[in-house]
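The structure appears right after this line, and notes come after that.
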Amino acid sequence: MTHNVSKLTLALAIAASPALANDNIEKLTVLGSTTAINHIPGSAHYLDSKTLAQFAYTDVMRALVSVPGVYVTEEDGYGLRPNIGMRGTGQDRSDKLIIMEDGVLAAPAPYTAPAAYYFPTMGRMQSVEVLKGTSSVRFGPRTTGGVINLNSVAIPEQAFAGHLNLALGTDNFNKEHLVLGGSNERFGAVVEGFRYAADGFKSLPGGQDTGFEKHDLLGKFSAVLSEDGRHHLLVKLAQAEERSDETYIGILDKDFASDPFRRYAASQLDVMNTDHDLIQVSHTWQMTNESSLVTTVYRNEFARNWYKADRIGGKSLSGGGLELASEFEANPNGELAVRLKNNNRQYLSQGIQTEYSLSLGDHQLVLGARLHEDEEDRFQWTDTYMMDSSLTMRLDSAGVPGTDTNRLSSANALALYAQGSMVFDDLTINAGLRYEDVEMKREDWNKAPDRLQDPSVKKHSLSLLNPMLGISYQLADNWVMIGSVQRGVAPPSPGNEQTAEEKSLNMEAGVRYRDNELAFEAIAFNSDYDNMHGNCTASQGCDDANIGNQYNAGEVDIQGFEMLVSQAFQLDNLRIPVSLTYTYTKGEFKNSFESDNEIWGSVQKGDELPYLPDHQLLLQTGLQSGDWQANLSLRYQQEMRTSAGQGSIADLDKVKAQTVVDASVHYQLADNQRLSLLIDNLFDREYAATRVHGGLQPGKPRYITLGYELSF
C-alpha cells in the first residue's frame, strides 16, 4: 500500500478536524496534569512549569533524571543533542523513544532515521510528560521504551500578557526569552522568541570557538470557528537555527587526566549548522459533551551539516587517529593530514493524525489514525586539510558534493489504534491495540556527484501489531496497584541488515501512593526482546562505512526496578520538599553474534549492554520561605561499560561513576518579578560523560547563571 501524504494533506485539513474551547484548545497532551497519572495503569510522570522552574534547566537531560527509569548520557554539556533512554532501550540520540512536541512527532524522520540530530529546545517548554510501557500504544512507531511529550507555550487567556526571561553566566552564557500574546472570546495568539548561547567550556590550542548559539521563533494562532463554540482552529508555526562548534573527537585518558576540557587541534574546524521549520494545523470538534475529534496536519523540515574531522593521518578516530592527534600536538613536526566530512543531510516529516475520544461515564474510548511519510536525504563529501607545526590547518583538497554519500531513504506509514478503559468499582482495565502498515525504501547513487543515473534500490514493507493490557486496582483510599503487559514493536529502518522489526514482551507491576504532600511509587519491569535494534551512528563511534545502518542483536533481557518517593515538610513558615528517585536496571544479551556496531562488536551470550549503569539515584531538597526559595539536587550514576562485555570493566571500556550537585536560589522581587541564581555542578566535579571513538568527553564543569524574570 502506498500512502501519499502530500496529496491528502490539504483536502483532509479542510475536511476533517476541530478543536476545543478557548481553555482547552491546546490540550494536545499525553497526560494534561499530574492528577491524570493516578488513572494510568503504568509508569507516568508530569513535570509541570513549577517543577521545571526550580532549576530552570535549558538541558532536557538534567530535567529528565528526576524521572525513574530514564537514563541520559551527557555529550556536549548543554543538551543540544540529547542521548536519552528508558528501561534499557539504549540512549544514543534518543532513537528508541517517541519524542513529541504538543502531541506531534518531533523527530526529523522518526521512521527512516530515528537517530537524528534535532531535539525541541527545552528552555521554551512549559511542561514535560513522560510515559513508559503500555501507554505508548497510542503514539508509536516505537512502543517498547516510552514517550516524551514536550508542551510549548500556551496562548494566554488574558487580553494581553507576556513574560521576559534574561540570564547571564559562565563562559559568556546568555539567554533571552520573550513571550507576548493574548486572546478574546473568538481569537487568540502568542509569539515567542528564545535565544541562548555560550563560548563553550572546552579549549583549543589556538583559542578557536567551542561554544554555540541557538534561537527559536514560535507563533500560535487560535480561532473559534462556530457560534456554539464547538469548532476551534489552532495554527502553530516555528523556526529554529543552531550553530555549534562541537566535535566527536574526545581525548585519550592520559590527556583527560591532565586537562579534561582540552580539545585536540585537529577538531578546530568542526562545526554543526542546523535549520528547522515547522507548520502544524489542528482542528478540534467538540461533538458532544462526551465526545470530541481532534485532527492535526503537520510538516517538519530539518537540514543540518556537521562538518567534522573523521580521519587523522589517514586513520579513523578509533583506529589510531586520536593517538596521532595527541602525538602531533606533543611534538608538532612536519604536517598532519586531517580529513573533514560534510555530514550534509536534509529531513522531511509530514502527515495527518486524528483522534476520536468518547467518555461513557467512568469508561473511556479513544480511536485514532495517522498517515505519515518521512525521508532522509544524504548528500555528503569530504575535504582534506594539512595541519602544520603551528597547529594551523589549510585546505589541501576540496571534495565534490555527493561523492562520500549520495542516497535517499524514505518511509510511508499508516497507523490505526484503539485504546479503552473500563471501570468496575475499584478495578480499572485498560486495553489497547495498535496496527501499522509501513513501507521503506532506500535509493543509493553509489557516491556519484549527481543523480542522473538510476540508483540501486532496496525496498521492504511490513505490518506491525501491538496489543497491550493494563490494570489498576484501588487497594485503599490512597493506594493503587498497577500492572500491565505489552507487545513492543519498532519498524526496521531502510538500513536494517535483515529488514527485521524490533520485538519485545514488556511487563510491569507495582504500587502507587498519593496523600497530599506525600507520594510514593515502586514499579518492577521486565523487557524480553526477541530482536533488539541498534542504530549505527557516529555519536557512538561507528565506523564511517557503516553509519546509517541498523543492526539486530537478537534476544536481549532487561529487568529493573524504579522507585520515587517525595514528601514536603512544614516547619512554621519554612517548607522543606524532599524527593528521592532511584532506578536499578540490568540488561544482557541472550545470544552470541558479530556486529559492525562498534559498541556491540563481538558479543558473547551473557554480555551486559553498554551505556547502562546498574544504579542511578537523584536526591532533591529545598527550603521555601516567604519570597525566598533554595533548591539542591544530587545526581549519582554508577560506572558503566562503553562496549558489550561481562565481569569487571577495563579502564578503556569504562565511564567512571559520577556524582553531580546542582543548586538554585530564587528571590521574588515582586508578584511579577523574580531573580534567580543557578549553579550547575556546584562542587565543580571533573568527570567523563561518555567515551566515543576511544576518547573521553568531559561533563559540564561548574556553571553559574544569574537570571531575571518579568511577567505582565
Side-chain angles (χ1 to χ4, degrees), residues 71-77 83 85 90-92 202 247-267 308-330 534 536-544 546-547 551 553 586-589 592-616 636-660 685-699:
Y71 286 95
V72 300
T73 299
E74 194 176 344
E75 184 177 313
D76 56 74
N83 297 284
Q91 304 171 38
D92 186 59
K202 301 174 188 175
T247 183
Y248 274 140
I249 298 182
I251 58 177
L252 301 177
D253 289 57
K254 63 181 181 65
D255 295 326
F256 189 90
S258 61
D259 181 4
F261 306 112
R262 167 188 176 184
R263 267 179 54 176
Y264 295 142
S267 70
K308 60 177 185 283
D310 73 327
R311 287 191 174 271
I312 300 173
K315 296 184 178 182
S316 67
L317 301 182
S318 57
L322 294 185
E323 286 78 4
L324 289 176
S326 178
E327 292 168 4
F328 189 81
E329 287 189 31
C536 199
T537 67
S539 61
Q540 60 182 206
C542 217
D543 185 81
D544 180 61
N546 301 316
I547 290 176
Y551 298 103
K586 199 74 172 179
E588 66 176 45
F589 296 96
S592 301
F593 63 96
E594 297 291 329
S595 171
D596 290 328
N597 190 346
E598 185 162 321
I599 67 169
W600 288 352
S602 180
V603 174
Q604 301 300 312
K605 181 179 179 180
D607 280 358
E608 296 176 343
L609 272 66
Y611 286 99
L612 185 63
D614 288 356
H615 303 281
Q616 181 172 281
Y636 168 79
Q637 179 179 282
Q638 189 191 32
E639 69 178 17
M640 59 184 178
R641 60 178 72 249
T642 59
S643 59
Q646 49 190 298
S648 60
I649 310 175
D651 287 343
L652 294 180
D653 293 322
K654 176 194 300 184
V655 169
K656 295 180 180 179
Q658 52 192 251
T659 301
V660 179
R685 180 179 175 83
E686 295 181 354
Y687 63 97
T690 185
R691 184 185 295 272
V692 180
H693 300 291
L696 294 172
Q697 293 276 17

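When a residue number appears, it is its place in the shown sequence, counting from 1.
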Considering only distance and modelled atom types, tabulate donor-acceptor pairs under 3.5 Å from the side chains of residues 320-327, sequence neighbours left out.
| residue | atom | partner | partner atom | Å |
| --- | --- | --- | --- | --- |
| Ser326 | OG | Lys254 | NZ | 3.1 |
| Ser326 | OG | Asp255 | OD2 | 2.8 |

Practice task
Determine whether more than 12 heavy atoms belonging to other residues, nucleotides or ligands lie under 6.0 Å from atom NZ of Lys654.
Solution key: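 Buried by this count: over 12 neighbours within 6.0 Å.
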Looking at [X] and [Y], what are the two nearest heavy atoms and their distance?
X      : Y      : answer
Asp651 : Asp253 : O-OD2, 4.2 Å
Tyr687 : Glu74  : OH-OE1, 2.7 Å
Ser595 : Trp600 : OG-CE3, 3.8 Å
Val655 : Ala689 : CG1-O, 3.9 Å
Leu612 : Gly587 : CD2-N, 4.0 Å

Handout entry: Listed partners of Arg263 passing side-chain contact (heavy atoms from CB on, under 4.5 Å), at least two apart
Key =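 With sequence neighbours excluded, Arg263 shows a side-chain contact (heavy atoms from CB on, under 4.5 Å) to Lys202, Leu204, Thr210, Thr247, Ser267, Asp270, given in chain and number order.
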Handout entry: Non-neighbouring partners of Thr73 that pass side-chain contact (heavy atoms from CB on, under 4.5 Å), sequence neighbours left out
Key =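 Scan of Thr73 (side-chain contact (heavy atoms from CB on, under 4.5 Å), adjacent residues dropped) gives Asn83, Gln91, Tyr611, Met640, Thr690.
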May I ask you to test the [X]-[Y] pair for a side-chain heavy-atom distance under 4.5 Å?
X      : Y      : result
Leu696 : Lys656 : no
Arg691 : Asp653 : no
Phe261 : Glu686 : yes
Ser602 : Gln604 : yes
Glu329 : Arg262 : yes

Exercise for the section: May I ask you to decide if Ala688's main-chain N or O and Gln658's side chain share a donor-acceptor pair within less than 3.5 Å? Expected result: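 It does hold such a pair.
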Handout entry: Tyr71 side-chain N/O to Pro613 backbone N/O, donor-acceptor pair under 3.5 Å
Key =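 Answer holds: yes.
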Handout entry: Residues that Tyr264 engages under ring-ring contact (aromatic ring centres under 6.0 Å, His included), provided they are two or more places apart
Key =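 With sequence neighbours excluded, Tyr264 shows a ring-ring contact (aromatic ring centres under 6.0 Å, His included) to no residue whatsoever.
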Exercise for the section: Would you please name every residue forming a side chain to side chain donor-acceptor pair (under 3.5 Å) with Asp614, sequence neighbours left out? Expected result: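 Expected list: Lys586.
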Practice task
Could you list the residues that satisfy side chain to side chain donor-acceptor pair (under 3.5 Å) with Thr659, not counting sequence neighbours?
Solution key: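 With sequence neighbours excluded, Thr659 shows a side chain to side chain donor-acceptor pair (under 3.5 Å) to no residue whatsoever.
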Practice task
Working to the nearest 0.5 Å, report the span between CZ of Phe589 and NZ of Lys605.
Solution key: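 Interatomic distance, Phe589 CZ to Lys605 NZ, rounded to 0.5 Å: 14.0 Å.
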Handout entry: Euclidean distance, Glu608 CD relative to Ile649 CD1, rounded to 0.5 Å
Key =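 If we round to the nearest 0.5 Å, Ile649:CD1 and Glu608:CD are 7.0 Å apart.
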